[in-house]
Protein chains: 2
Amino acid sequence: MAMRKVVERQTGVALWRQIADRIRLAISNGDYDATGMVPPETALAGEFGVNRHTVRSALAALAEEGLVRAVQGRGTIIERKERVSYPISKRTRFSQGLGHQVKEIGTRLIAHTEVPATGEVATALGIRPGDPVIELRTVSSGDGRPLSVSSSYYPAHRFPRMAEEFERLHSVTKAFAAHGLDDYVRASTEIVARHADAEELSMLQLSPGAIVLEAQSLNADLNGIPVEFSRSRFAADRMKLRIET
Amino acid sequence: MAMRKVVERQTGVALWRQIADRIRLAISNGDYDATGMVPPETALAGEFGVNRHTVRSALAALAEEGLVRAVQGRGTIIERKERVSYPISKRTRFSQGLGHQVKEIGTRLIAHTEVPATGEVATALGIRPGDPVIELRTVSSGDGRPLSVSSSYYPAHRFPRMAEEFERLHSVTKAFAAHGLDDYVRASTEIVARHADAEELSMLQLSPGAIVLEAQSLNADLNGIPVEFSRSRFAADRMKLRIET
DNA sequence: CTCAAATGTCTATTGATCTAGACAACTGTA
DNA sequence: TACAGTTGTCTAGATCAATAGACATTTGAG
């Protein structure tokens with residue numbers, strides 16, 4: 001007998017969205033691997049104790065994400081299930097580690113500005129608020145789907161040509177090298193999870209209500225002097241973070 | 001001029017809940033530290049481009065969580081702001097590191113069983129599927145609020161008295177010591193974020209639509225032999241994870 | 001071909017969410 | 001005391017979410 005799976009009402013989260021989340025989780029857990037298909041709409045409606053139309057709304061949302069594809073007469077086919085694993089270690093470089101998981105990786109610079117450091121950035125980089133920093137905003141994608149958006153901050157007095165070098169070399173590591181910094185390590189990372197805001201929704205091509213994993217990390221040179229502070233926001237349903245100690 | 005903060009409609013997540021999430025985030029970011037109060041309801045309604053009643057629903061939800069308290073005639077006072085920071089490093093022990101952030105920590109054993117290892121657990125622990133493992137399920141709280149639920153798995157042949165020793169000593173480290181294991185280190189951790197399921201909602205006292213951070217971690221002895229595999233789920237709006245490399 | 005099983009589409013109705021406006025009640029300051 | 005600024009409460013209407021039922025369309029198996 002199928003156990004009745006509880007969904008809650010009047011909580012500000014529509015039933016179809018709660019059900020979409022549950023089905024997405026079941027897919028990534030491999031619950032439907034035997035058939036490669038989601039159970040029929042009527043069966044799901046029974047399990048969750050809701051109308052079939054409500055289940056259809058949930059499946060439509062998952063189809064929109066590209067996770068499933070409904071075929072009339074047959075059923076709803078699972079198109080994709082795993083999350084890409086992103087490594088976090090003392091020497092994380094973005095393009096490494098993803099290599100074997102996605103065929104084609106791209107990091108695109110979408111904006112660069114020189115701005116006065118805000119309190120948070122200044123504290124992290126160990127400079128005074130208002131000191132100039134260079135901000136790079138990038139979007140990274142794997143196989144054509146956006147995986148993360150990042151804002152990175154560099155002390156402008158030490159790395160004045162950061163934006164130009166990054167644009168030319170397409171690599172933070174090489175842009176550092178062009179300024180005479182040959183090595184750097186990750187000093188700390190803090191991770192929180194929250195709902196995506198409107199900008200993140202559009203840049204990561206997420207549907208509203210989606211979750212982002214935000215990692216704030218600080219890189220330092222071998223003397224412990226901070227060289228980069230970055231806030232990366234990952235599409236939580238496409239990525240997992242792997243901590244390597 | 002206050003920038004218009006966008007919230008999205010027809011997304012399955014009620015506006016009041018999106019706004020509650022945004023205000024919660026602003027509080028934990030310290031955006032309102034100057035006054036210790038949330039901006040007036042009319043100001044928030046303007047910022048988010050919604051009716052004042054919608055903002056009131058959001059604030060009512062935050063008041064229900066104990067995060068703010070409305071006082072007629074004065075405003076809405078912030079009662080509590082920080083997320084507890086949970087350290088992840090080579091030698092993380094739960095009760096350490098939280099020490100100064102919360103006054104009183106409790107870890108409660110809610111169930112223990114000996115079960116055959118499932119594929120995932122067996123792979124992680126380097127044993128055969130079906131080999132006996134001891135599963136401990138615990139809930140940890142800080143200052144009376146649940147922070148995480150965990151399921152931990154130990155090879156039963158090596159640590160046969162894990163449940164009893166943990167119950168007696170209230171510490172995994174000491175229970176390991178009682179089996180003759182004096183030191184162990186964290187080998188790897190994987191982090192994902194997703195919506196909480198029904199069980200997590202009730203055990204962590206979350207409202208539906210809430211987010212959990214799930215960390216799967218593997219601890220090994222000094223020879224690199226796995227001794228513990230655990231899945232911890234943290235209430236994302238109360239915690240951040242801090243990676244120490 | 002026939003039929004069962006599955007998804008696709010339509011209409012109608014109910015309850016929850018959001019907007020709009022008005023006014024009451026309370027607080028701190030001038 | 002008077003007043004500006006704030007939260008509390010009420011009513012009414014518009015829009016969205018969910019239910020209910022009926023029937024069409026497509027697929028695969030017998």
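Residue numbers start from 1 in every chain, and the chains themselves are labelled A, B, ... in the order their sequence lines are given, proteins ahead of strands.
- In this structure, A:E41 atom CD and D:dT26 atom C1' are separated by 13 Å, rounded to whole Å.
- When side chains are defined from C-beta on, B:V212 does not count as touching B:V149, because their heavy atoms never get closer than 4.5 Å.
- For the pair B:I77 CD1 and C:dC26 P, the interatomic distance rounds to 16 Å; values are reported in whole Å.
- Of the candidates A:I191, A:L241, A:L213, A:I243, B:L241 forms a side chain to side chain contact (heavy atoms under 4.5 Å, CB included) with just one, namely A:I191.
- Contacts of A:S57 with the nucleic acid, taken as non-hydrogen atoms under 4.0 Å apart, are absent.
- The salt bridge (Lys or Arg N to Asp or Glu O under 4.0 Å) test applied to A:E79 returns A:R69, not counting sequence neighbours.
- With rounding to whole Å, A:Q18 atom CD is found 13 Å from D:dA18 atom C1'.
- The distance from atom CG of A:L44 to atom P of C:dA5 is 17 Å, rounded to the nearest whole Å.
- When the nucleotides D:dT7, C:dC18, D:dA18 are ranked by their closest atom to the side chain of B:T54, C:dC18 comes out on top.
- For A:R56, counting side-chain heavy atoms from C-beta on, the closest listed nucleotide (C:dT19, C:dG8, D:dG8) is C:dG8.
- The side chain of B:L15 lies closest to C:dC18, out of C:dT7, C:dC18, D:dT7.
- B:R238 places a side-chain N or O within donor-acceptor distance of the main-chain N or O of B:P146, the cut-off being under 3.5 Å.
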| task | Kindly indicate, with the supporting measurements, whether the criterion side chain to side chain donor-acceptor pair (under 3.5 Å) is fulfilled by B:S232 and B:S150. | result | CA-CA 4 Å; B:S232 295; B:S150 299; 2.8 Å; yes
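- Comparing C:dA6, D:dC10, C:dT9 against the side chain of A:R52 picks out C:dT9 as the nearest.
- As a whole-Å value, the separation of B:Q72 CD from D:dT9 P is 7 Å.
- When distances are taken from the side chain of A:N51 to each of D:dA20, D:dG8, C:dG8, the shortest belongs to D:dA20.
- In this structure, A:V71 and A:H53 both approach DNA chain D, and ranking their closest nucleotides by distance from the 5' end singles out A:H53.
- As judged by a 4.0 angstrom heavy-atom cut-off over every strand, B:T42 is placed among residues making no nucleic acid contact.
- The nearest whole Å value for the distance from the CE atom in A:M37 to the C1' atom in C:dA5 is 11 Å.
- Listed nucleotides D:dT19, C:dC18, C:dA6 differ in distance to A:V50; the shortest reach to its side chain belongs to D:dT19.
- Nearest to the side-chain atoms of A:R74 among the listed nucleotides C:dT17, D:dT27, C:dT7 stands D:dT27.
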